[in-house]
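As structure tokens, the structure follows; a few thoughts come after it.
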Amino acid sequence: MKIAVMGCGTVGSGVVDIIDNKSDLMIRSANENIEVKYILDIRDFSDSPLASRIVKDIDVILNDDEIETVVETMGGVEPAFTFCKKCLEKGKNVVTSNKALVAAKAEELFDAARNNNAAFMFEAAVCGGIPVIRTLFSALSANNILSFAGILNGTTNFILTKMINEKMSFDTALKIAQDKGYAEKDPTADVEGLDAGRKTCILASIAYGHHVYPEEIHTEGIKAITLEDAAYAASKGYKIKLLGKADKRNDGKIGAIVCPFFVNETSMISGVNGVYNAISVKGDSVGDVLLYGQGAGKEATASAVVGDVMECARLKKNEKHYYWDKHEDGIIEDYMLYETALYIRGYAKNAKNSIINIREAFGGVSVLSREDAPENEIAFITSKATEKELRETLSELKDFAPASIIRIL
Ligand code: HSE
């Protein structure tokens, strides 16, 4: 399948990298060779290895019948909307990472897709590499979604984490997030909560079956949050997190809000740091489901885009089955060859002497202690080696009988 990529910035270039370098995986998993034929970008790429594929005119893509799927990673509503709509009207599938586009224009793009028997996919538009869109549309589709709440913006979570854990200033943390390619072109969309707002609307639209527009939901960002607030939060066992949340109210309406929350330090979501995102979804049949992963960044977001492209290839082939190749002898690695450290607890005739022997045999261990341990009990953690080597060393120890061995992850 030949494709075109519109917009060769952080995410678009990541998409080209993956498709150019993982053709084996495309064939194995989608049963189709996928090739980037054109890259649409108005910037100068004359010195780049991509130069031969760069085009400046959308009509080149629209008028080439070989192009079956178009990736849109330009960002912003226009001209992305016009380009995507034209591609769909030509019967080309569209895959986008553009949450502004989906939040504002999905209704019209769905119509264009349906009327022209094309696919419109946007897994990368919410939470970068986390497969939340397909999970809601497909895996959890037997559920009424009672509520969801999540850290939906990597840049603000990165900034809050740096401010709270490292006492870094807001501006320094934002600069790092921009350098790492997490932030939007205009980072106001991140820090004022607009990006999280768009993602909340997309998720709410899927969950509740009606388009929810960003203008309709209350949105606050993190600009007013200070280290003083973080300190007061910590004094009561909370962390501050920017969340997007929604639920179905008793009167049938959709409740949705984006703002900083005090989150209990014992909750799973409070441990989600840096560029990571997490979404907790409550379905009426499944109960609680938690999704976690990198919410921004070139590779993580491109991974979601390419996953959609591969899904388009599977649709084309009308692939209805999950499959894998037959078993191959010798394909499983012997676990004894894995590198690991081991926790070992056991009993010795003379604990003091045994500890000297253990240290010598393993070349240094960390000896553990606990209250009320019997005198002949020894527990320690080895340094890393293959399990085979560690077990051989252990079996050569005299006067020590192991009772418990647990691998350190
Ligand atoms: N600026 C966005 C974020 C990029 O930081 O989450 C991914 O949507």
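One-based numbering, in listed order, for ligands and for the atoms of each. Only this structure's heavy atoms are used, side chains among them; waters, hydrogens and symmetry mates stay out. Just so you know, residue 1 is the first one in the sequence shown, and it goes up from there.
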### Query
Any side-chain donor paired with an acceptor under 3.5 Å for Glu319 and His321?
no
### Query
Is a side-chain donor-acceptor pair under 3.5 Å present for Thr172 with Ser169?
yes
#### Entry: Asn33 and Ser23, any side-chain heavy atoms less than 4.5 Å apart
yes
### Task
Write out all pairs satisfying side-chain hydrogen bond (donor to acceptor under 3.5 Å, both in side chains) with one or both partners inside residues 328-338, taking only residues at least two apart or from two chains.
none
### Message
So if I only count non-hydrogen atoms and take anything under 4.0 Å from ligand 1, which residues does that give, chain by chain?
### Response
Lys99, Asn153, Gly154, Thr155, Tyr182, Ala183, Glu184, Asp190, Asp195, Lys199, Gly295, Ala296
#### Entry: Pairing of Lys316 and Glu32 as salt bridge, 4.0 angstrom limit
yes
### Task
Can you label the angle between the Phe400 ring and the Phe380 ring as parallel, tilted or perpendicular, going by 30° and 60°?
tilted
